[in-house]
Amino acid sequence: MTDAATYRARRARLAEAMGGRPLLLRGHNVLPRNFALNAYPFRQDSTFLYFLGVDAPNASAVIAADGATTLYLPEPHADDPLWHGEVPPPGEVGALAGVDSVANAEALDGSGCLTLAVADPTVGLAGAVDSSDLTQAVVRLRLTRDADEIAQMEAALAVTAEAHVAAMGATHPGVTDTAVQAIIEAVFKVHGMGLAYPSIVTARGEVLHGHASGTPLVDGDLLLVDAGAETPGGYASDITRTWPVSGTFDGRQRAAYEAVLEAQTAAIELVRPGVRYREVHLQSARVLAAALVELGLLHGDVDGLVEQGAHAVFFPHGVGHLIGLDVHDMELYGDIGYPAGRERSDQFGLGFLRLDCDLEDGMVVTVEPGFYVVPAILQDASLRERFGDSVDWAAAEGWLGFGGIRIEDDVLATASGPRVLGPGIPRTVAEVEALVGIGPNPRQRLLPNR
Ligand code: GLY
Ligand code: MN
Ligand code: MN
C-alpha cells in the first residue's frame, strides 16, 4: 500500500517540474455497457492512481504551484448506500491521498488549469488547457519505479506465478483453452487480484493477441499463456509461458523453445542502466536468428539477417515494453517509449518495437521474444521477394500448424544488473515438463460432482 506521504511527494515533484500554473488531474468515469446500470468494471486512470491512489469514479484533483492539492469527489446519491453500500466519508478518502482539502465535484472549475493531453474526450473540462508539457512531466515521473512500486509488482507476480503453475497442471488433452483460462483467473480472484489485460490462452499462439475460444486442446499442441494479475492498487504483471499439451516437447518444439529461451536469457542480460532498449531487442533477434540458421529456416550471416530484418518472419514483434501501472505503461500518451530524436523504424518487425529509450535504474520492462509460424507471413509475396533466399520458405512451410512460442518476464534495470521480478516462474524445458498435466482437469476441480 502506498502511503499518503508518498502521494504528497509525487505531487510536489510534479508541481515543481511544472512550476506555476495549477494542474488538473481527472479520474475516469464509469462506462455504461449499453445502459447505465450495467457498467463495465471500473478501472481508475493510472496517472490518477499514481498521484492520489483514489479509486472512486468521477474524481478530480487540482494541484497548486506549491503542491497543495484539492480533491474533488462527486456528491453521493441518497440511494447509493442502498444499492452500492456506504460511501466512505470524503475526509477519509482525502486523508489516504494526503490532500490538503476535499471539495464537491460540482465546485470544480478548470479555468487556468493545465491538464493532460489525452485522446479521451470524456475527461476534458471547460477552461482547462491541454498541456503536452504536463504530459511529458507525468511520463518522466512515472518512467522509473520506487521500492513500494516494485513490491506491488512482485506481489502481482507471485500470484501470476501461482496461476501459471496451476494452468500447467490443469493442461490435459481434451481440456478446453477457456477451462485453463478459468483456472488462471480463479487464482487471480482467490488472491483478490484482477487482470492486468485480457488473458491470452490459446494453442494458436501465432495469433499474437488471440484469445481462448472454447477449443479443446489436442495432444501435440503447444499452449501459449500470456496472463498477468493486477494488484488492487493497479500494478500490472505480464508473463508468458508456452508448454506442450502432451506434457513433453517433441523434437521440433523443444528446439524452437530452447532457441526462444536462449534469446530471452541473452536479452535479459542487457537490461541495465544506459543500454538502449533497441539493443535488447536486437540481441534477442541475433540469438534467435542463429538458432533458426541451425534449424534450416534462415540462411546466411546472422548479423546480416538481423540487419535486413529476416528474423522477423518468425519473430515479427518487438521484444517488449515498459510496464508499471499499465501493462503497456503510459501508451495512452502516445509513443512515449521513443524519446525526442528517435523515430520508429519502418522495417518489418522492428516497426513494432514499442520502446527505444536508454534504460534507467528503476525502469521495469518486459523481455518477451517469440517464434511463430504465421501463415499470412509465409504467404506474403512482398516478404518473400524482400527476403528471398535468406528465408527457407519451403522449409518454413513444413512448419505450418506449429503455432507459436513466447516466453515473457518482467525485468527491473538496476545499477547492479538485471533483476527478473517475481518468484521465479518455471521456464526451462525440464521445469515446464515436470508440471504439465500433474493437476486435476479443470472440470473436476471446478465441478467436482459432475
Ligand atoms: N500481454 C500483452 C503483451 O505482452 O504485450
Ligand atoms: Mn508484454
Ligand atoms: Mn504479455
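Ion pairing of R241 with E431 is absent here, as no side-chain N (NZ or NE/NH1/NH2) approaches a carboxylate O to less than 4.0 Å. A salt bridge links R406 with D226: at least one charged nitrogen is closer than 4.0 Å to a carboxylate oxygen.
Between H317 and Y372, the ring centre distance stays below 6.0 Å. In this structure, Y257 has its ring center at least 6.0 angstrom away from the ring center of F371.
Within 6.0 Å of CZ in F352 there are 12 or fewer heavy atoms belonging to other residues, nucleotides or ligands. Within a 6.0 Å sphere centred on CZ of R43, heavy atoms belonging to other residues, nucleotides or ligands number more than 12. Atom CZ of R252 is surrounded by more than 12 heavy atoms from other residues, nucleotides or ligands within 6.0 Å. Residue-environment remark: CD (E16) stays at or below the threshold of 12 foreign heavy atoms within 6.0 Å. When the shell of 6.0 Å around CG of L37 is examined, it contains 12 or fewer heavy atoms from other residues, nucleotides or ligands. Heavy-atom contacts from other residues, nucleotides or ligands closer than 6.0 Å to CZ of R204 number 12 or fewer.
Heavy-atom minimum distance, V54 versus A59: CG1-CB, 4.3 Å. Residues L224 and G404 come closest through the heavy atom pair CD1-O, 3.9 Å. In this structure, S199 and H211 approach most closely via the heavy-atom pair O-ND1, 2.9 Å. Residues V159 and M193 share a closest heavy-atom pair of CG2-CE, 3.9 Å.
Looking only at side-chain heavy atoms (C-beta outward), V271 and V365 come within less than 4.5 Å of each other.
Donor-acceptor pairing under 3.5 Å is lacking for the side chains of E331 and H321.
A cation-pi geometry, defined here as NZ or CZ lying under 6.0 Å from the six-membered ring centre and within 45° of its normal, holds between R10 and Y50.
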